[in-house]
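This is the structure I want to talk about, given as structure tokens.
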Amino acid sequence: MRRFLPCLLLLLALPPRGAAGSQISSPPTLLGSVATPGDAFDVVLRDHYALVPSYDAGIQVVDIADPTAPVIVASHDTPGYSVQCVLWENQLFVADHAAGGLRILNITNPLQPVPLGSLVTGDAVLGVGASNGLALAGYVSGGFDVVDVTVPAQPVVESTVPTQGSPRHFIARDNRLYVADHGAGVRIYDIATISSPQLLDTLAFFRPTGLDLVANTLYVADFDGLHVVDVADPADPVALGDTALPGPAIKVHVVDGYAFVADHVAGGLQVVDVADPGHPIPVTGFATGFYAHGIAVRAPYAYLADGAGLKVFRVFEAPVAVEESTIGGLKARFRGNEE
């Protein structure tokens, strides 16, 4: 037994590995940061730019070509408080809390965002999603609208769906819609008929605020931690595993067997090994000292939006060949059309 001890110690000293064998940086390495004029509430990626809703300062466009020196290169103010956004093709959809409603911007040139249209209903928008000519607007008082944005200058509400909580995050794929209904769990709908979404099931989580979907596995960022659910049958989802985190989990992005979590209050950036979805294991993290709101990952980097601005971390030891997507804010995938 003694002669195998050095090998055992070596294995224990190695960084954790994801499902594809990539090495995680432990702890994440903070490479650079930029202060935003208001709290950074979200982040989505477009080319070498990060688009950051900055509360009462609108949308900030950050050049991230040099991860050690991110810099704000443009901005677009909005009437309300920009708290979340989602990108579809050349259009940025913004949840502009309070007076702003749903705002639609053309960002063909990220350095010059151009307003295209808006939907203001009188209720405060907290969540937004968009894809394939449709948008979702989730309201603080509950419920969400499904909106036809084929003509961005003239959004048309196709249906209004009541909920018991405040919808904060949407993912739609293959005619299935997953809604993080803050305060009332995760709701799963059949959206084959956009004018009349049908509720399939509700998952009784505490206060979900963020979702990611990888194949048939749904990851739920909730105030009481991270939950993993098998949704192969959306009408009969099966809870697989969960884990507590230092603070409330706000957003989650899963890449190569790891869940990267924007962990509000105490956690900052938290990394959870989800290679075995039934046993998620927190492996490392970086407490920033500010409230974390949004997360986007483009390996080997993670981009964290928090109360001080945008932070860039190296989270993988080497680039990982995975499909790029963005988390933070509301991500929607309609009818199998992915971002």
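All figures in this text were calculated on a predicted structure; none of them were measured in a lab.
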Legend entry - D148 side chain to L134 backbone, donor-acceptor under 3.5 Å: no

Inset, instruction - Determine yes or no for a side-chain-to-main-chain donor-acceptor pair under 3.5 angstrom, with H182 supplying the side chain and P167 the backbone. - result: no

Inset, instruction - Please answer whether the main-chain N or O of G267 pairs with a side-chain N or O of Q270 as donor and acceptor at a distance below 3.5 Å. - result: yes

Inset, instruction - Please check if L226 and F206 belong to a single hydrophobic cluster, counting links between Ile, Leu, Val, Met, Phe, Trp and Tyr side chain heavy atoms closer than 4.5 Å. - result: no

Legend entry - Residue pair V120 / L102, side-chain heavy-atom distance below 4.5 Å: no

Inset, instruction - Please tell me if the side chains of D123 and V140 come closer than 4.5 Å, counting only heavy atoms from C-beta onward. - result: yes

Inset, instruction - Could you tell me the separation between the NE2 atom of H279 and the OG1 atom of T243, rounded to the nearest 0.5 Å? - result: 11.0 Å

Inset, instruction - Check whether any side-chain N or O of T29 sits under 3.5 Å from a backbone N or O of L31 as a donor-acceptor pair, and report yes or no. - result: no

Inset, instruction - Provide the closest heavy-atom pair for R46 versus E89 in the form atom of the first, atom of the second, distance. - result: NH1-O, 3.4 Å

Legend entry - Residue pair L304 / T288, side-chain heavy-atom distance below 4.5 Å: yes

Inset, instruction - Take Y219 and F260 through the test ring-ring contact (aromatic ring centres under 6.0 Å, His included) and record every step on the way to the result. - result: CA-CA 11 Å; Y219 299 85; F260 298 88; over 10 Å; no

Legend entry - Straight-line distance of I59 CD1 to H76 NE2, nearest 0.5 Å: 8.0 Å

Inset, instruction - Anything under 30° is parallel, anything over 60° is perpendicular, the rest tilted; go ahead and classify F316 against Y258. - result: perpendicular

Inset, instruction - Specify whether H264 and H293 have parallel, tilted or perpendicular ring planes, treating 30° as the upper limit for parallel and 60° as the lower limit for perpendicular. - result: tilted

Inset, instruction - Indicate, with yes or no, if the rings of F313 and Y301 have centres closer together than 6.0 Å. - result: no

Inset, instruction - Decide yes or no for T217 and V229: does some side-chain heavy atom of the first lie under 4.5 Å from some side-chain heavy atom of the second? - result: no

Inset, instruction - Return yes if some donor-acceptor pair links the side-chain N/O of S82 with the main-chain N/O of P53 below 3.5 Å, else return no. - result: no

Legend entry - Between CD1 on residue I107 and CG on residue N90, distance to nearest 0.5 Å: 7.0 Å

Legend entry - Side-chain ion pair, K311 and D306, N-O less than 4.0 Å: yes

Inset, instruction - Could you state whether V265 and V271 fall into the same hydrophobic cluster, counting links through intermediate Ile, Leu, Val, Met, Phe, Trp or Tyr residues with side-chain heavy atoms under 4.5 angstrom apart? - result: no

Inset, instruction - Give the intermediate values and the outcome of side-chain contact (heavy atoms from CB on, under 4.5 Å) for residues V147 and L136. - result: CA-CA 6 Å; V147 186; L136 298 162; over 6 Å; no

Legend entry - Heavy-atom donor-acceptor pair, D273 side chain to A275 backbone, under 3.5 Å: yes

Inset, instruction - Mind running side-chain contact (heavy atoms from CB on, under 4.5 Å) on H48 and D63 for me, showing each step along the way? - result: CA-CA 6 Å; H48 61 88; D63 189 327; 3.3 Å; yes

Legend entry - Nearest atoms (heavy-atom pairs only) where P155 meets S118: CG-O, 3.4 Å

Inset, instruction - Determine whether more than 12 heavy atoms belonging to other residues, nucleotides or ligands lie under 6.0 Å from atom CZ of F205. - result: yes

Legend entry - Same apolar cluster: F223 and V83, side chain cutoff 4.5 Å: no

Inset, instruction - Please report the shortest heavy-atom distance between P234 and L200, naming the atom on each side. - result: CB-CD1, 4.0 Å

Inset, instruction - State plainly whether one hydrophobic cluster holds both L111 and L51, where clusters connect Ile, Leu, Val, Met, Phe, Trp and Tyr through side-chain heavy atoms under 4.5 angstrom apart. - result: yes

Legend entry - Closest contact, heavy atoms only, A40 versus L310: CB-N, 4.5 Å

Legend entry - Partner of Y139 under side-chain contact (heavy atoms from CB on, under 4.5 Å), chosen from T121, L126, T160: T121

Legend entry - For G58 against T78, the heavy-atom pair lying closest together: CA-OG1, 3.9 Å

Legend entry - N/O donor-acceptor pair under 3.5 Å between H253 side chain and I295 backbone: no

Inset, instruction - Please determine, by modelled atom types, if Y178 and R176 share a side-chain donor-acceptor pair under 3.5 angstrom. - result: no

Inset, instruction - Would you mind reporting whether V62 and V73 have side-chain heavy atoms less than 4.5 Å apart? - result: no

Legend entry - Where I191 and P197 come nearest, the two heavy atoms and their spacing: CG2-CB, 4.1 Å

Inset, instruction - In sequence, state the C-alpha distance, the side-chain angles, and the governing distance for V149 and F93, and then conclude on side-chain contact (heavy atoms from CB on, under 4.5 Å). - result: CA-CA 10 Å; V149 290; F93 294 79; 3.8 Å; yes

Legend entry - Check: D212 side chain, V254 main-chain N or O, donor-acceptor pair, under 3.5 Å: yes

Legend entry - Sidechain-backbone polar pair: T209 side chain, A249 backbone, donor-acceptor under 3.5 Å: yes

Inset, instruction - State whether the side chain of D181 and the backbone N or O of G165 hold a donor-acceptor pair below 3.5 Å, judged by distance alone. - result: yes

Legend entry - Criterion side-chain contact (heavy atoms from CB on, under 4.5 Å) on V274 and I281, from CA distance to verdict: CA-CA 7 Å; V274 291; I281 302 172; over 6 Å; no

Inset, instruction - Check step by step if side chain to side chain donor-acceptor pair (under 3.5 Å) holds for E317 and S25. - result: CA-CA 6 Å; E317 295 296 339; S25 295; 3.2 Å; yes

Legend entry - Flag side-chain contact, heavy atom, 4.5 Å: D201 against V186: no

Inset, instruction - Check whether any side-chain heavy atom of L218 lies under 4.5 Å from a side-chain heavy atom of V228, and answer yes or no. - result: no

Inset, instruction - State, without any angle test, whether S195 and E158 hold a side-chain donor-acceptor pair at a distance under 3.5 Å. - result: no

Legend entry - 4.5 Å side-chain heavy-atom contact, V261 and L245: yes

